[in-house]
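All remarks here apply to the structure that follows.
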Amino acid sequence: MRDSDADATRLPRDELRDVQDERLVETVRHAYENVEFYREAFDEMGLTPDDIEGVDDISKLPFTTKEDFRDEYPTGLFAVDMDDVVRIHASSGTTGKPKIVGYTQGDLDVWREVMARGFRGAGLTSDDSLQNAYSYGLFTGGFGFHDGATAMGMAVVPTGGGNTQRQVEMLADLDVDAICLTPSYALYLAEVADDMGYDPTDLALSTILFGAEPCTEPMRNEIETRFDATAVENYGLSEIIGPGVAVECLEQDGMHIWEDHFYPELIDPDTGDPVEEGEEGELVLTSLTKTALPVLRYRTGDLTTLDYDTCGCGRTSVRMNSVTGRADDLIIVRGVNFYPSEVESVVLEFDEVAPHYRIDLRREESLDRLDLTVELAEDFDGSRSDLKARIHKRLSSVLSFNPDDVTLVEPGDIERTKVGKVQRVYDHR
């Protein structure tokens with residue numbers, strides 16, 4: 001696949017701004033005319049599409065939040081009829097309902113294009129092969145990487161998540177050039193390879209594309225050392241498109257945001273005001289080319305900084321640094337995102353337990369582990385094993401994720417907070 005507007009990544013900043021201005025005006029009008037949520041928000045603010053002449057006016061637009069996706073579940077934010085939607089994905093929501101995202105055929109073409117840009121930036125070509133160790137399904141990761149690599153002409157080994165010994169065998173037997181996965185799983189994969197008698201540095205891997213969870217520089221360095229390969233970071237989120245919003249090039253000096261498709265801002269998470277250039281802030285993204293689900297000023301909750309200097313690779317697109325934290329209390333475990341409130345909503349469905357619980361996060365053998373402790377109700381007299389199984393099943397259904405252990409304790413065993421906010425999450429990582 002040839003990137004139809006590859007030069008957009010090297011445009012002078014003023015020319016790129018012209019592209020952004022034109023696309024923002026089109027997106028705003030499309031959202032206003034076809035999404036009731038945005039039309040009502042505009043009307044309430046006394047705003048019309050004519051008031052938006054370009055990026056300089058973007059601060060006039062309303063923010064979009066994860067709560068808006070929840071309130072408009074399932075398709076209230078869609079701007080096209082379902083007859084025009086060719087793909088549905090979903091990510092976790094704050095009340096057990098997922099955030100539903102849809103794509104037209106044109107949206108999928110954009111997705112493949114931005115993914116292909118990232119592969120090329122990482123030094124990959126159509127002659128390379130990619131092993132995809134992200135899960136396939138409603139999660140955008142698996143299909144995002146797969147479709148982008150296929151459109152680019154790469155050979156894809158769709159192993160999906162898990163089955164680690166088979167992952168190692170495929171890498172070794174097929175001389176795979178690149179693999180995409182979470183950073184913690186990359187380290188675990190190296191350990192399993194060692195246990196199986198393989199030297200990870202002897203594998204043909206040249207490139208490791210990681211994302212979906214935080215990764216420190218020491219962790220990246222360890223991954224590169226264990227595999228003798230280059231590890232590049234990817235960033236994305238389902239509400240905007242999925243993976244492909246931003247990716248590192250071989251300079252490894254920040255992730256290029258494909259600004260002709262996604263316009264970035266940084267705001268103070270408390271006030272919503274723009275931060276000064278170079279300061280850390282909450283990343284806000286506006287889609288510029290999406291049809292099925294145009295998104296205006298989406299508050300990602302991710303804290304980062306932006307660098308507008310031309311990269312050593314020659315690309316002029318702004319680079320975001322690795323996410324340093326969250327503006328909210330999002331939990332990320334093995335690439336799955338969820339909130340403590342989601343766990344709480346599940347726990348409170350069961351009359352047999354009290355509204356007291358704690359979440360303990362640990363890292364064992366390079367993999368994140370989540371243990372859930374739940375306090376039994378005073379009048380509980382049933383089967384503990386049956387209750388644990390039902391809690392496990394419900395959490396898996398709501399979060400698409402299972403805790404490693406659920407412990408049921410006696411009434412009063414969980415420490416109470418006497419002053420200030422209650423602490424539910426204990427991160428030991």
Side-chain angles (χ1 to χ4, degrees), residues 66 69-70 73-74 88-101 132-144 158-164 166-167 181-182 184-185 188 211-213 237-239 242-243 328-377 380 382-409 414 424-429:
K66 60 182 181 292
F69 274 84
R70 174 199 67 193
Y73 177 89
I88 292 287
H89 281 289
S91 65
S92 183
T94 58
T95 60
K97 290 291 188 180
K99 294 187 283 288
I100 300 294
V101 294
N132 189 355
Y134 282 117
S135 298
Y136 286 75
L138 289 174
F139 172 59
T140 54
F143 280 100
T159 48
N163 203 348
T164 307
R166 176 60 62 86
Q167 300 272 7
L181 72 180
T182 63
S184 59
Y185 190 57
Y188 181 66
E213 66 184 20
L237 59 167
S238 300
E239 298 92 315
D328 51 32
D329 56 356
L330 180 73
I331 296 174
I332 303 177
V333 178
R334 297 198 289 274
V336 178
N337 300 354
F338 59 97
Y339 294 84
S341 58
E342 293 180 75
V343 176
E344 180 170 311
S345 68
V346 171
V347 170
L348 295 183
E349 290 179 8
F350 294 87
D351 294 334
E352 299 97 326
V353 303
H356 301 290
Y357 67 96
R358 63 176 284 162
I359 297 169
D360 288 274
L361 303 172
R362 298 180 175 84
R363 181 161 289 150
E364 297 180 358
E365 298 181 341
S366 301
L367 282 179
D368 289 333
R369 174 186 176 92
L370 184 149
D371 295 324
L372 174 64
T373 304
V374 182
E375 194 169 290
L376 291 167
F380 177 76
S383 166
R384 293 196 179 202
S385 60
D386 175 71
L387 178 57
K388 286 178 60 173
R390 287 188 288 124
I391 293 175
H392 260 292
K393 183 177 180 179
R394 182 58 179 151
L395 285 168
S396 178
S397 174
V398 171
L399 306 180
S400 299
F401 177 82
N402 259 326
D404 294 273
D405 188 40
V406 174
T407 301
L408 301 176
V409 298
I414 293 180
R424 298 295 192 191
V425 180
Y426 297 81
D427 197 336
H428 312 284
R429 292 176 292 185

Next on the checklist: Taking CZ in Phe139 as the centre, count heavy atoms belonging to other residues, nucleotides or ligands within less than 6.0 Å. Is the count above 12?
Outcome noted: yes

Report the residues that fulfil side-chain contact (heavy atoms from CB on, under 4.5 Å) with [X], sequence neighbours left out, ordered by chain and then residue number.
X: Leu408; answer: Val374, Leu376, Arg384, Leu387, Lys388, Ile391, Val406
X: Ser396; answer: Asn402
X: Ala212; answer: Tyr134, Thr182
X: Tyr73; answer: Lys97, Pro98, Ile100

Which heavy atom in [X] sits nearest to a heavy atom in [Y], and how many Å separate them?
X: Gln167; Y: Gly160; value: NE2-O, 2.6 Å
X: Ala90; Y: Val101; value: N-CG2, 4.3 Å
X: Thr140; Y: Pro243; value: OG1-CD, 3.6 Å
X: Val353; Y: Val347; value: CG2-O, 3.3 Å

Checklist entry - Among all residues two or more places apart in sequence or in another chain, which pass the ring-ring contact (aromatic ring centres under 6.0 Å, His included) test with Phe69? => result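 By the ring-ring contact (aromatic ring centres under 6.0 Å, His included) rule, Phe69 matches Tyr298.
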
Next on the checklist: Once ring-ring contact (aromatic ring centres under 6.0 Å, His included) is applied, do any residues pair with Phe350, and if so which ones, sequence neighbours excluded?
Outcome noted: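 Counting only residues at least two positions away or on another chain, Phe350 forms no ring-ring contact (aromatic ring centres under 6.0 Å, His included).
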
Next on the checklist: Quick check for you: to the nearest 0.5 Å, what is the distance between Leu237 atom CG and Lys66 atom NZ?
Outcome noted: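 The CG atom of Leu237 sits 12.0 Å away from the NZ atom of Lys66.
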
Checklist outcome for this item: In this structure, OH of Tyr136 is separated from OG1 of Thr159 (nearest 0.5 Å) by 7.0 Å

According to side chain to side chain donor-acceptor pair (under 3.5 Å), who are the partners of [X], at least two apart in sequence or on a separate chain?
X: Thr164; result: Tyr185
X: Asp371; result: Arg362, Arg369
X: Arg429; result: Asp368, Asp427
X: Arg390; result: Glu352, Asp386

Checklist entry - Just by distance, do the side chain of His89 and the backbone of Leu138 share a donor-acceptor pair under 3.5 Å? => result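 Judged by distance alone, yes, a pair lies under 3.5 Å.
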
Next on the checklist: Are the side chains of Ile359 and Arg424 in contact, using a 4.5 Å heavy-atom criterion?
Outcome noted: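 A side-chain contact under 4.5 Å is absent here.
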
